[in-house]
Number of protein chains: 2
Amino acid sequence: MSSSLKDVAARAGVSARTVSNVVNGSARVAPETRRRVQEAIDELGYRPNLAARSLRAGRTGIIGLAIPELHSPYFAELAGLLVDEARRRSWTVVIDQTRGGAEAERRLLTGDGGRVMDGLIISPWALPAEDITAAARPLPVVLLGERSPHGLADRVAVDNVAAADEATAHLLSLGRRRVAAIGLQPHLRNGTAELRAEGYRAALRRAGIAPRPAWERPVTALHRSDGARAMAELLDAGAEPDAVFAFSDELALGALHTAHERGLRVPQDVAVVGFDDIEDGRFSHPTLTTVSPDKGQIAARALQCLADRIYSPRHDLPAADLTVPHRLVVRGSSATV
Amino acid sequence: MSSSLKDVAARAGVSARTVSNVVNGSARVAPETRRRVQEAIDELGYRPNLAARSLRAGRTGIIGLAIPELHSPYFAELAGLLVDEARRRSWTVVIDQTRGGAEAERRLLTGDGGRVMDGLIISPWALPAEDITAAARPLPVVLLGERSPHGLADRVAVDNVAAADEATAHLLSLGRRRVAAIGLQPHLRNGTAELRAEGYRAALRRAGIAPRPAWERPVTALHRSDGARAMAELLDAGAEPDAVFAFSDELALGALHTAHERGLRVPQDVAVVGFDDIEDGRFSHPTLTTVSPDKGQIAARALQCLADRIYSPRHDLPAADLTVPHRLVVRGSSATV
DNA sequence: CTGAAAGCGCTAACAT
DNA sequence: ATGTTAGCGCTTTCAG
């Protein structure tokens with residue numbers, strides 16, 4: 001077994017109290033005493049036992065991050081930023097993948113199997129927001145993307161409606177008239193997809209174009225393969241789109257793949273816009289036009305929200321609803337021809 | 001504050017012991033008693049405090065995963081598999097990003113700031129393997145990729161030399177003679193890159209071709225942009241390669257990007273092979289030929305190694321050195337023309 | 001400035 | 001089958 005604070009105290013000839021003070025710098029310690037204690041710590045290779053400290057403190061210093069899947073460039077990038085930001089606050093991040101399962105999401109929120117986390121950042125997928133906030137109490141929770149119904153939990157997201165509207169308007173500004181959308185998820189109650197669809201339709205209407213169901217392709221998941229399939233269906237159904245707005249870059253890259261296979265030129269025959277600004281899109285052929293959310297700010301704000309709740313003495317902070325900036329990045333897939 | 005075991009005991013009119021038994025199913029409990037206890041648990045919303053349990057057990061049920069960066073498709077995929085596999089064993093994974101820094105790697109191993117993890121899976125980058133095993137003791141450690149010098153720690157990896165040899169031989173079998181390599185990292189003591197370079201040169205020599213320094217492009221990092229830059233340098237230096245073996249798919253995708261920019265046709269003018277089999281390569285244009293390591297097996301084996309050490313009563317298990325299978329997946333970027 | 005001791009919530013040996 | 005209790009390693013109040 002590794003050595004404990006008591007061992008160090010014995011070796012240094014002081015009490016546990018003093019060792020604790022040295023380790024935490026919590027009180028003034030005589031220089032000579034400090035030196036002796038430090039020596040003992042080094043000799044024994046002492047490391048504080050965090051389980052004990054947590055038990056005492058009532059806090060673990062661990063926060064959870066629940067995302068559909070790590071294997072997904074957008075979430076991987078975001079997770080990376082969150083982990084860095086958490087380090088800065090001396091927090092450790094445990095990552096869980098819900099794989100889009102409602103049960104997995106609920107399990108994390110209710111903390112079945114025990115409480116470890118001081119707070120949770122979750123990007124909900126299968127679970128409607130109202131269930132989320134109900135299940136979580138009293139665990140501090142920050143929602144990414146999804147809108148909490150009655151301001152029951154903090155939320156950080158881009159303005160999905162406005163962003164989708166801009167993306168669609170951009171395609172229309174190129175003179176495209178048959179603008180399809182890939183990425184709806186009617187079977188899941190996916191609030192984010194609904195919002196993007198809303199923005200997409202709004203832009204069409206403003207341009208005097210009636211949204212057509214045949215232009216809206218649902219997907220079951222958000223991988224490249226789903227985008228590829230949706231694009232194929234779109235073409236096979238004779239929709240003859242001259243532009244496609246995909247609700248994620250992965251879907252867009254899949255659509256690009258199908259376009260190549262079918263001998264369609266991008267952007268000449270069909271222009272494509274994605275959403276997320278993942279790195280792949282900066283190096284694909286052609287490069288991908290996309291809506292770029294400020295991921296760094298999403299990470300920073302989400303952690304700020306958690307910190308406020310975890311450290312706040314008061315439990316009745318109003319729920320924050322933070323909108324993070326985004327911008328449209330025009331690249332090759334929608335270049336003027 | 002949330003309720004404790006004692007609260008549940010009081011409410012159910014039993015002792016703490018009995019509640020503990022119900023929660024853990026550790027001993028026989030009368031059905032009627034069990035019902036009463038369960039009722040109290042539900043009413044109070046009781047969840048066991050894991051910090052207390054860990055303190056008692058001397059184990060936390062948490063393992064660490066240290067990788068250079070989450071924002072990198074290969075590591076993200078691997079991390080996802082490891083998280084899933086860990087769940088299956090009721091372990092929680094905390095992820096740390098070393099960002100390629102030697103200090104970050106050392107900090108994780110020595111457990112500065114306290115011991116939380118029962119074990120660590122690390123993909124070393126800046127730190128030579130001998131330092132790693134020295135710093136880590138007594139923490140059980142599994143190395144991914146890097147070779148531990150004197151069998152001091154478990155290690156799981158593909159046969160990098162053989163895999164690089166195969167990839168290069170494949171390009172040579174297409175009739176290519178000026179096969180360049182992108183991805184050496186002479187400044188870091190990156191064992192993995194060295195092994196791949198070794199395999200690359202071996203294949204050249206076997207084909208009667210002398211390796212040429214001008215064909216070997218070093219990189220500082222492994223992102224797409226580094227691959228793009230290396231490819232540009234290769235072309236500007238007049239090396240006129242007719243094939244490129246990149247030590248990672250990201251580098252290969254960057255090289256592909258530069259080839260497109262320069263008007264080179266892939267694979268006609270230059271064939272490209274990568275390493276890792278990330279999803280992007282299955283949908284890029286052209287699709288990417290690559291060495292595919294069995295990532296699922298890497299994840300499974302790494303966790304098996306950790307489990308053996310964590311649960312083993314004996315501390316002198318010999319270090320395992322596990323080689324995971326790989327295969328060459330031929331796609332468009334090296335198709336026969 | 002330092003020592004003694006209580007107690008965080010849980011499990012398991014011991015007792016009934 | 002269930003109750004009682006010591007103690008995991010740490011922080012912190014209370015004394016000195």
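Labels below follow one simple rule: chain letters A, B, ... track the order of the sequence lines, proteins then strands, and each chain is numbered from 1. This is a predicted model, so every value here is computed, not measured. Values below: every heavy atom of this structure, side chains too, minus hydrogens, waters and symmetry copies.
- Comparing the axis of the opening five pairs of the helix from C:dC1-D:dG16 to C:dT16-D:dA1 with that of the closing five pairs yields an angle of 40°, rounded to 10°.
- In this entry the distance linking CZ of B:Arg47 with P of C:dC10 reads 12 Å, nearest Å.
- Spacing between atom CG of B:Asn49 and atom C1' of C:dG9 amounts to 6 Å, rounded to whole angstrom units.
- Applying the side-chain contact (heavy atoms from CB on, under 4.5 Å) test to B:Ala102 and every residue at least two apart in sequence or in another chain returns B:Ala126, B:Leu127.
- Counting only heavy atoms from C-beta outward, the side chains of A:Asp308 and A:Leu317 approach each other to under 4.5 Å.
- The interatomic distance linking B:Tyr46 (OH) with C:dC10 (C1') rounds to 7 Å, in whole Å.
- One finds a side-chain N or O of A:Asn24 lying less than 4.0 angstrom from the OP1 or OP2 phosphate oxygen of D:dT11.
- Applying the 4.0 Å criterion to OP1 and OP2 of C:dT2, one finds that A:Ser15 has every side-chain N and O outside that range.
- Each of D:dT11, C:dG9, D:dT2 was ranked by its minimum atom distance to the side chain of B:Ala52; first place goes to C:dG9.
- Across the protein-nucleic acid pair, B:Lys6 atom NZ and C:dG9 atom C1' stand 8 Å apart, rounded to whole Å.
- Annotation: side chain of B:Leu144 is in contact with side chain of B:Leu78 (closest heavy-atom distance under 4.5 Å).
- Distances shown here put every side-chain N or O of A:Thr18 at or beyond 4.0 Å from the OP1 or OP2 atom of C:dC1.
- A distance of 7.5 Å separates CG in A:Asp276 from OG in A:Ser72, rounded to the nearest 0.5 Å.
- In this structure, of D:dG3, D:dA1, C:dC1, it is D:dG3 that holds the atom nearest to the side chain of B:Val14.
- Within the 4.5 Å cutoff, the side chain of B:Val142 has no heavy atoms near those of the B:Arg309 side chain.
- Each of A:Val23 and B:Val29 was matched to the nucleotide of DNA chain D holding its nearest heavy atom; the match closer to the 5' end belongs to B:Val29.
- A:Val37 places a side-chain heavy atom less than 4.5 Å from the side chain of A:Val14.
- Across all their heavy atoms, A:Leu303 and A:Leu82 have their closest contact at CD1-O, 3.7 Å.
- One can place CZ of B:Arg53 at 5 Å from P of C:dT11, the figure rounded to the nearest angstrom.
- The side chain of A:Ala16 lies closest to D:dT11 when the candidates are C:dG9, C:dA13, D:dT11.
- Of the side-chain N and O atoms in B:Ser4, none sit less than 4.0 angstrom from OP1 or OP2 of C:dC8.
- Rounded to a whole Å, the CZ atom of A:Arg59 is 13 Å from the P atom of D:dT11.
- Between the CG atom of A:Leu55 and the CG atom of B:Leu50 there is a distance of 11.5 Å, given to the nearest 0.5 Å.
- Under 4.0 angstrom from either OP1 or OP2 of C:dT2 there lies no side-chain N or O belonging to A:Asn21.
- The distance between atom CZ of B:Arg115 and atom C1' of D:dG9, rounded to the nearest whole Å, is 15 Å.
- Atom CG of B:Leu5 and atom P of C:dG9 are 10 Å apart (whole Å).
- Ranking D:dT4, C:dC10, C:dA4 by closeness to the A:Arg17 side chain, first place goes to C:dA4.
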